[in-house]
Amino acid sequence: MIAAAKNRGAHRDAAESMQIQVGIITISDRASAGDYDDLGGPALKQAAQKIGWHVLAEAIVPDEVARIQETIRSFARQSCGLILTTGGTGIGQRDVTPEAIRAMMRVELPGFGEVMRAESMKITPNAILSRNLAAVVDQALVIALPGKPSGAVECLSFVQGAIPHGVALAQRTPTSC
């Protein structure tokens, strides 16, 4: 019994201490056209590096379902276990990030979106309009964050604790559950 408990603990420790490879996708028509500088992607990169994660890939794409999906699949093939998107989660006509992810996901993880909205509501009443979500696509955990840099980093911080275990499960790494 003690050996089994130690083994479960070892699996949990492996998930928590694994080096997470991150891909960051900024989804914005205007940033992808060069009309303004991308601030969300760099803010997420800085936050990820501060946590100790390795940013492996970055991209800026327009608000187009096919381009979003192609980039997510490309990053997953490059071994990004965590893919963070910023932008396209509002209710604007061109905001299609959740639809793009849902059309290709294996499973949605509703708790991520619920926590991000609940915690963000303490900061702004407009958080209720956000369609943040998380899902498993291929062997990557994909998290759709707001386009506003401060909102993206705040939302990431709200769910950061569950990410190592989520990435481990997405990558089929043995865990304690």
Side-chain angles (χ1 to χ4, degrees), residues 15-90 92 94-106 108-109 112-113 115-116 120 130-171 173:
E16 291 172 1
S17 66
M18 64 189 280
Q19 173 63 352
I20 295 178
Q21 306 294 323
V22 182
I24 298 173
I25 307 169
T26 297
I27 300 165
S28 166
D29 288 332
R30 292 180 291 162
S32 68
D35 294 341
Y36 75 83
D37 291 336
D38 170 29
L39 301 177
L44 282 175
K45 181 177 183 176
Q46 182 178 21
Q49 289 173 330
K50 185 175 181 182
I51 294 166
W53 300 337
H54 175 71
V55 178
L56 187 63
E58 300 172 76
I60 303 172
V61 300
D63 292 275
E64 296 172 5
V65 170
R67 290 288 303 278
I68 295 166
Q69 291 174 336
E70 290 166 9
T71 308
I72 289 171
R73 290 240 191 255
S74 172
F75 284 10
R77 282 191 303 272
Q78 294 175 53
S79 299
C80 292
L82 174 62
I83 300 171
L84 304 174
T85 71
T86 177
T89 59
R94 298 278 300 161
D95 291 332
V96 297
T97 302
E99 289 77 14
I101 294 169
R102 284 188 175 112
M104 63 191 304
M105 70 183 185
R106 182 175 63 78
E108 185 168 350
L109 305 167
F112 280 79
V115 167
M116 288 187 276
S120 295
S130 182
R131 300 182 306 132
N132 302 330
L133 65 86
V136 175
V137 175
D138 297 335
Q139 288 190 322
L141 174 61
V142 180
I143 304 176
L145 300 161
K148 184 178 178 183
S150 62
V153 172
E154 288 165 352
C155 284
L156 180 62
S157 75
F158 301 148
V159 297
Q160 175 185 334
I163 289 174
H165 192 70
V167 169
L169 290 172
Q171 293 186 323
T173 301

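- Counting heavy atoms from C-beta outward, Ile20 and Ile51 have side chains that stay 4.5 Å or more apart.
- A donor-acceptor pair under 3.5 Å is absent between the side-chain atoms of Arg106 and the main chain of Val137, judged by distance alone.
- No side-chain N or O of Glu70 forms a donor-acceptor pair with one of Ser74 less than 3.5 Å apart.
- Considering only heavy atoms from C-beta on, Val142 stays 4.5 Å or farther from Met104 through its side chain.
- With a 4.5 Å cut-off on side-chain heavy atoms, Glu99 and Ile68 do not count as touching.
- Nearest heavy atoms, Asp95 versus Arg131: O-NH2, 2.8 Å.
- With contacts defined as side-chain heavy-atom distances shorter than 4.5 Å, the pair Leu133/Met105 does not qualify.
- Applying the 6.0 Å contact sphere to CZ of Arg94 captures more than 12 heavy atoms from other residues, nucleotides or ligands.
- A distance-only check finds a donor-acceptor pair linking the side chain of Gln69 to the backbone of Ala100 [under 3.5 Å].
- For the side chain to side chain contact (heavy atoms under 4.5 Å, CB included) test, residues two or more places apart in sequence or in another chain that qualify with Thr71 are Ile25, Ala59, Val61, Phe75.
- The 12-atom threshold is not exceeded at CD of Gln46, counting heavy atoms of other residues, nucleotides or ligands nearer than 6.0 Å.
- To the nearest 0.5 angstrom, Thr97 atom OG1 is 3.5 Å from Ile27 atom CD1.
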